[in-house]
Undergrad: 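First the structure, which I've put down as structure tokens, then a few questions once you've had a look.
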There are 2 protein chains.
Amino acid sequence: MAASPSAVSSLTLNRLSIYLRALRHLAEEGVDTISSQRLAARLDLSAAQIRKDLTYFGEFGVRGVGYSVTDLTARLSHLLGLDRTHPIIVVGTGNLGSALAHFLNFADRSFRVVAAVDNDPRKIGRKVGEVTIESSSRLATVVRRSGAQIGVLTVPRKAAQNNYDQLVRAGIKAVLNFAPIRLVSSADIPTKSVDLRVFLEELGFHLFQGENGRPGASAR
Amino acid sequence: MAASPSAVSSLTLNRLSIYLRALRHLAEEGVDTISSQRLAARLDLSAAQIRKDLTYFGEFGVRGVGYSVTDLTARLSHLLGLDRTHPIIVVGTGNLGSALAHFLNFADRSFRVVAAVDNDPRKIGRKVGEVTIESSSRLATVVRRSGAQIGVLTVPRKAAQNNYDQLVRAGIKAVLNFAPIRLVSSADIPTKSVDLRVFLEELGFHLFQGENGRPGASAR
DNA sequence: AGATGTGAATGAGTTCACAGCT
DNA sequence: AGCTGTGAACTCATTCACATCT
């Protein structure tokens, strides 16, 4: 098996998640072997793309046959760390934060919200999903006590960097940031930023194009 | 000025959103001219990248000087269609859907939630933000009556394709899909899919790497 | 025959480096 | 002198095409 490469692109990694989801659906449908060709057709991408992505991590298939659905599922789950449970702390329990808290607990047993903090004194003591909201001022303590590994940042822009720094100092292992800011991030803490408004604004552009007579191209 | 190109990549388009946000902050700070160099430093990317992105759409700068903050803000806003208001319908008012509904109305005057539908009879008649939830069975009617241009799909996977098709038939102009499925999409309706679990799973991979002794690389 | 795994070819996206304008 | 706009060079990602295995 190939050693894990020093750097795999986000693009490849994100497609692994997509493959994994499709594989789970295939298992539900009772399929037990799948070729890159047929998986690609389902996902609307190329067979070569799938094979290339997989070979970054090893040889998972059988020539002349294809991939075992259960085997590949297990191996991708393991690669993405989904065969263990990652405790999450939600920082900021506004609309988005509390929605994500619920969403994550329902969606998957690989991620579990174990703590939540907020700035607003009125929210402290309330529950979001299974956990009780605590004060942001106790962030470091809460991280340590809960054993949270991943911080989900859903605070306003101006609070984001400060909360990020506190998470890092408290020993968080990774951060998913939804605040619309370029975080100054510690190089050794995997940090991913997602800005939801950006997606809408992309559509805004295409709408505008459509109006000007040009047929709107489908965004990927 | 350069004509809008037939195809601009999502990457470029998404960076325009980022530039625009930074420009707004600069304006708040009272800055009125900015060079690609200084903007790049702020956003942690290259000056050439910024200039190249902008030249897809025209010549916005002044040689020897830089870009006028207010001028560039206006031009990017216009390009992204943010100088008009886009009516949105939220399809599926679960955790994520209702969070987005609130979030979008607060965040920006360019997008306004004008309607929401849900499958669950118990939710119908309730309010989410300013709008009253209606039945998904009336989706087409609601789209037409409300004049919604953008559909935000936050329904379970199995309902997504069907709701998407209905949105399209009812004349929606663009769709932002959060359901974890590859939509079979009409080529002339800009459609963007975002899968939040994918982002977490990317972090899951990096956590796993970290454990195996390799220093975790920062995800972009 | 039919599928994978992979080097080679192509294509997309980014950075370089500099001519040209203020 | 300083900064934009842009072809050319380069790097990263995808696709091709085929040797290899079942």
Side-chain angles (χ1 to χ4, degrees), chain A residues 1-19 23 26 31-69 71-72 75-76 79 202 217-220, chain B residues 1-19 23 26 31-69 71-72 75-76 79 202 217-220:
Chain A
M1 137 139 104
S4 298
S6 55
V8 193
S9 83
S10 275
L11 296 169
T12 291
L13 240 23
N14 292 349
R15 280 191 301 265
L16 294 188
S17 292
I18 305 293
Y19 302 159
L23 288 166
L26 285 166
V31 177
D32 52 40
T33 303
I34 185 105
S35 65
S36 57
Q37 187 57 248
R38 292 205 295 135
L39 185 56
R42 231 178 132 104
L43 295 173
D44 191 28
L45 35 79
S46 84
Q49 175 90 85
I50 293 177
R51 295 201 301 277
K52 185 69 94 176
D53 283 340
L54 294 178
T55 55
Y56 286 121
F57 302 97
E59 306 198 356
F60 300 127
V62 180
R63 290 174 192 221
V65 178
Y67 301 89
S68 151
V69 171
D71 181 49
L72 189 54
R75 309 210 31 195
L76 292 184
L79 266 172
E202 183 180 340
S218 200
R220 57 131 194 174
Chain B
M1 137 142 102
S4 299
S6 55
V8 193
S9 84
S10 274
L11 296 169
T12 291
L13 241 21
N14 292 347
R15 281 191 300 264
L16 294 188
S17 292
I18 305 292
Y19 303 158
L23 288 166
L26 285 166
V31 177
D32 51 41
T33 303
I34 185 110
S35 66
S36 58
Q37 186 57 247
R38 289 205 295 136
L39 185 56
R42 231 179 131 104
L43 295 173
D44 191 27
L45 36 79
S46 84
Q49 175 90 84
I50 294 177
R51 296 201 301 276
K52 184 69 95 179
D53 283 340
L54 294 178
T55 55
Y56 286 120
F57 303 97
E59 306 198 355
F60 300 129
V62 180
R63 290 173 192 223
V65 179
Y67 301 89
S68 151
V69 172
D71 181 49
L72 188 54
R75 310 214 26 201
L76 292 184
L79 265 172
E202 184 181 338
S218 200
R220 59 137 189 171

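A note on names: the letters A, B, ... follow the listed sequences, proteins ahead of strands, and every chain is numbered from 1.
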Undergrad: Specify the separation, in whole Å, of atom CG of A/Leu54 and atom C1' of D/dA13.
TA: 16 Å
Undergrad: I want to confirm an ordering. Mapping A/Ser9 and A/Ala48 to their closest nucleotides on DNA chain D, which one lands closer to the 5' end?
TA: A/Ser9
Undergrad: When rounded to the nearest 0.5 angstrom, what is the spacing between CZ in A/Phe57 and CG in A/Leu13?
TA: 5.5 Å
Undergrad: Between P on C/dT14 and CG on B/Asp44, what's the gap in Å once rounded to a whole number?
TA: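 Going from CG in B/Asp44 over to P in C/dT14 covers 14 Å.
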Undergrad: Please test B/Leu26 against B/Leu39 for side-chain contact (heavy atoms from CB on, under 4.5 Å), starting from the C-alpha separation and ending with a verdict.
TA: CA-CA 9 Å; B/Leu26 285 166; B/Leu39 185 56; 4.2 Å; yes
Undergrad: OP1 or OP2 of C/dG5 less than 4.0 angstrom from a side-chain nitrogen or oxygen of A/Tyr67, does that happen here?
TA: yes
Undergrad: From CG of B/Asp53 over to P of D/dT4, roughly how many Å is that when rounded to an integer?
TA: 14 Å
Undergrad: What nucleotide among D/dG5, C/dT22, C/dT6 has an atom nearest to a side-chain atom of A/Thr55?
TA: C/dT6
Undergrad: Are side-chain heavy atoms of A/Thr12 and A/Lys52 found at a separation under 4.5 Å?
TA: no
Undergrad: Can you tell me if B/Arg63 touches the phosphate of D/dA1, counting only side-chain N or O atoms and a distance under 4.0 Å to OP1 or OP2?
TA: no
Undergrad: Report the residue (B/Lys52 or A/Gln49) whose heavy-atom-nearest nucleotide on DNA chain D is the more 5′ of the two.
TA: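 The residue mapped nearer the 5' terminus is B/Lys52.
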Undergrad: Nearest 0.5 angstrom please: B/Ile18 CD1 to B/Ile50 CD1, how far?
TA: 11.0 Å
Undergrad: Mind calculating the distance between CD1 (A/Ile50) and P (C/dT6) to the nearest angstrom?
TA: 16 Å
Undergrad: Could you tell me whether the phosphate oxygens of C/dT14, OP1 or OP2, come under 4.0 Å of any side-chain nitrogen or oxygen in B/Ser46?
TA: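 For C/dT14, OP1/OP2 do not have a side-chain N/O of B/Ser46 under 4.0 Å.
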Undergrad: Are the side chain of A/Ser35 and the backbone of A/Arg38 linked by a donor-acceptor contact shorter than 3.5 Å?
TA: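 Indeed, once roles are kept as given, a pair shorter than 3.5 Å links the two residues.
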Undergrad: Any side-chain N or O of B/Arg15 under 4.0 Å from OP1/OP2 of C/dG13?
TA: no
Undergrad: Take atom CG of B/Leu39 and atom C1' of D/dC3, then tell me their distance rounded to the nearest Å.
TA: 14 Å
Undergrad: Rounded to the Å, how far apart are B/Ile34 CD1 and D/dG2 C1'?
TA: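 After rounding, the reported distance stands at 15 Å.
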Undergrad: Using atom CG of A/Asp71 as one end and atom P of C/dT4 as the other, report the distance to the nearest whole Å.
TA: 14 Å
Undergrad: Heavy-atom nearest nucleotide on DNA chain C for A/Arg51 versus B/Gly64: which residue maps closer to 5'?
TA: A/Arg51
Undergrad: Just the rounded figure in Å: distance from P of D/dT4 to CZ of B/Phe57.
TA: 18 Å
Undergrad: For a quick check of understanding: with a heavy-atom distance under 4.0 Å over all strands, which category does A/Thr12 fall into, base, sugar-phosphate or nothing?
TA: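 Nothing, no heavy atom under 4.0 Å.
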